[in-house]
Amino acid sequence: MTTAATIRDVLHTHEREQPDAALLISPETGEILTYAKFAKEARQLAALYAAHNLLPGDHIGFLLHNGYQTATIFLGTMAAGFVTTPLNLLAHGAQLAYVLEHSDIKFVFTSTHYEAQLRTALAMLASERSKSICVEVIDSDAANAHASYGEIELDSSAHGQSPALLMYTSGTTGQPKGALLTHANVLHAGRSVCDWHGLTHADRVLSSLPLYHINGQCIATVAPFISGGSIVAPHKFSAKAWWGWVERYQPTWLNLVPTIIAYLLNAADGNTKLWPAIRFVRSASAPLPPDQHRAFEQTFGVSVIEAMGMTECASVVFCNPQPASLRKYGTPGQPCGVESRVVSTETGAVLADGVTGELQLRGDNVMLGYYNAPEKTADAMTSDNWLRTGDLGHRDPDGFYFVTGRIKELIIKGGENIAPREIDEALLAHPAVLEAAAVGIPDVNYGQEILAAIVLKPGAQCDEATLREHCVQLLGRYKTPKLFRFVEDLPKGPSGKVQRLKLLD
């Protein structure tokens, strides 16, 4: 497997060596996608693209929830030599139209559920551009959805540096940027995950993370694909159904985000079953509060490995070590598949351990650049190929990295830097709080003050005075939010990461 240069190479190896092994299981339908079936589906996709006069290297989009065809299109398009371009189901109107225009997509798969959303966005484009995009409406759960096109052999012209995946960021500020990732980027990231967690063909992951997000793509799909393992991929997360899926399909690891961890904890009761057959749980895409981390492990009897990824790095950046006895709480861990450093935001000088600065990354999984955006690429990359992440943090003497916030999200009150995550974690320590996010707001006296948005647990009651006193006890008066707002939910990207600056809207 180490010699494979493209997704096509990996597929051919599995088709030859384990054709009847399961790649994907759809719990809603019970349909099983074997490696042999997937190879057949990929050749059908290649025939479909040829029938529409598409050429290898063209961009193919999909607007679909997780399912049999979604996984097939995601991997099969890359295997056929085309560039997979997932579309965010949470994007509507102008933002979706922007991605359709900017990405140079030529073909889009969707289902009846999302067709109107897609047509609305297409109508916002110039008529000529809109007509140049072919739309195929399919059943995302159907096997052999493209059988009528027959099969052709997969194009063999792609190589490691050929583009494979065009993944748009969730656009927390401004328009989304399209990170262009090569086959080498994607395979290096997947192999790094396999090596780090010791994944083999015997491993199976349960993941409901969407295939329009880099975590659901590279961690929960590409890595199992590379290892020859299998994926249980429900349409979406369900706290009610989750442990039933675990019981039925016996995954060896779970791919979660902190939001899912919070909801599973909140849904737990006193008779919670322990799950010793699960080798580990992987949590990424947003910081995992240490109290929730410990509570999940105690409640369900599984070890949680916190990690961190970035779209620009095919999702692989930091991960805590295994066995779990070597990890630390409150940190995404050590570099995984990348070089990393902390530099001064003012001078660019590399900083000593314990000193906060910007995290920068370099490695074989770092993107080619932002698609059709040379200026943004130049802003993001140094002359010696270090990626400027925009994240603030520091490294400890043991080589663990701690992320304290985004440079653009840092709260500066009266000249003092305050990491929003510190406020979040204090609020989450209150038993009535399910989710919390702090953000800086303009203030005539201090420059910025602190606003906290809070989602209470179902049935819980708590008022502002109680939370204020709670924060004073944990944070002191200076860091206690000036304003508290109780909300039904927090604005999030597709990974579950809070889009903090959208609270200002």
Side-chain angles (χ1 to χ4, degrees), residues 1-27 32-39 42 71-72 74-75 78-79 183-209 211 215-233 245-256 275-284 301-307 309 314-316 318-327 333-338 364-365:
M1 194 59 59
T2 56
T3 60
T6 65
I7 296 294
R8 171 183 172 271
D9 295 343
V10 178
L11 174 56
H12 281 171
T13 299
H14 291 317
E15 184 186 17
R16 181 178 65 250
E17 296 181 355
Q18 53 166 15
D20 298 326
L23 168 60
L24 181 133
I25 301 169
S26 298
I32 297 175
L33 176 68
T34 65
Y35 282 93
K37 286 182 181 178
F38 170 52
T72 298
F74 170 68
L75 286 172
M78 293 189 284
H183 284 268
N185 292 151
V186 173
L187 291 180
H188 178 78
R191 288 180 182 128
S192 296
V193 174
C194 292
D195 292 344
W196 195 274
H197 296 302
L199 299 182
T200 72
H201 68 277
D203 280 298
R204 172 173 292 171
V205 62
L206 170 59
S207 176
S208 62
L209 301 188
L211 271 173
N215 189 331
Q217 294 162 3
C218 288
I219 304 301
T221 306
V222 171
F225 172 63
I226 288 174
S227 71
S230 55
I231 310 149
V232 180
W245 291 330
V246 173
E247 183 74 51
R248 181 176 180 182
Y249 296 108
Q250 297 293 302
T252 59
W253 62 289
L254 309 178
N255 195 40
L256 305 181
W275 302 94
I278 297 175
R279 291 208 294 119
F280 64 95
V281 173
R282 196 178 192 279
S283 175
V302 292
S303 297
V304 179
I305 305 299
E306 186 174 3
S315 189
V316 181
F318 300 114
C319 195
N320 268 269
Q322 287 180 271
S325 59
L326 299 177
R327 54 89 200 275
Q334 300 167 324
C336 176
V338 295
D364 290 340
N365 54 319

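The analysis underlying the following values was restricted to heavy atoms, covering all of them including side chains, and did not include hydrogens, waters or symmetry mates.
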Q.
Could you go through V246 and L254, starting from their C-alpha distance and side-chain angles, then the distance that decides it, and tell me whether this counts as side chain to side chain contact (heavy atoms under 4.5 Å, CB included)?
A. CA-CA 9 Å; V246 173; L254 309 178; 4.2 Å; yes

Q: Please report the shortest heavy-atom distance between H197 and C319, naming the atom on each side.
A: CE1-SG, 3.6 Å

Q. Any donor and acceptor pair, going by atom type alone, linking the side chain of E15 with main-chain N or O of A36 inside 3.5 Å?
A. no

Q) Which pair of non-hydrogen atoms, one from N365 and one from V316, has the smallest distance, and what is that distance? A) ND2-O, 2.8 Å

(Q) side chain to side chain contact (heavy atoms under 4.5 Å, CB included) for L206 and Y249? Distances and angles first, verdict last. (A) CA-CA 8 Å; L206 170 59; Y249 296 108; over 6 Å; no

Q: Evaluate the side chain to side chain contact (heavy atoms under 4.5 Å, CB included) criterion for residues H188 and N185: first the C-alpha distance (whole Å), next the side-chain angles of each, then the deciding distance (0.1 Å), finally the verdict.
A: CA-CA 5 Å; H188 178 78; N185 292 151; over 6 Å; no

Q: Looking only at non-hydrogen atoms, find the nearest pair between H14 and I226 and report the distance.
A: NE2-O, 3.5 Å

Q) When you check the side-chain N and O atoms of S230 and R204, is any donor under 3.5 Å from an acceptor? A) yes

Q | Separation of L33 CG from F38 CZ (nearest 0.5 Å) | A | 7.0 Å

Q. How far does CG of N320 sit from CG of L326, to the nearest 0.5 angstrom?
A. 9.5 Å

Q. Of the non-hydrogen atoms in P321 and I305, which two are nearest, and what is the gap between them?
A. O-CD1, 3.8 Å

Q) At what distance, to the nearest 0.5 angstrom, does CZ of R8 lie from CG of L75? A) 15.5 Å

Q: Applying side chain to side chain contact (heavy atoms under 4.5 Å, CB included), run through L11 and M78 and close with a yes or a no.
A: CA-CA 10 Å; L11 174 56; M78 293 189 284; over 6 Å; no

Q. Are T252 and D203 close enough that a side-chain donor and a side-chain acceptor fall under 3.5 Å?
A. yes

Q. Hey, does S303 have a side-chain heavy atom less than 4.5 Å from the side chain of Q322?
A. no

Q) What pair of heavy atoms forms the shortest contact from V304 to R327, and how long is it? A) O-NH1, 3.0 Å

Q) To the nearest 0.5 Å, how far apart are CG in L23 and NZ in K37? A) 11.5 Å

Q: Answer yes or no: is there a side-chain heavy-atom contact under 4.5 Å between I7 and F225?
A: yes

Q.
Testing the basics here: between N255 and A220, what is the closest heavy-atom pair and its distance to 0.1 Å?
A. ND2-CB, 3.5 Å

Q: Please say which of W196, F280, W275 ends up in a ring pair (Phe, Tyr, Trp, His ring centres under 6.0 Å) with W253.
A: F280

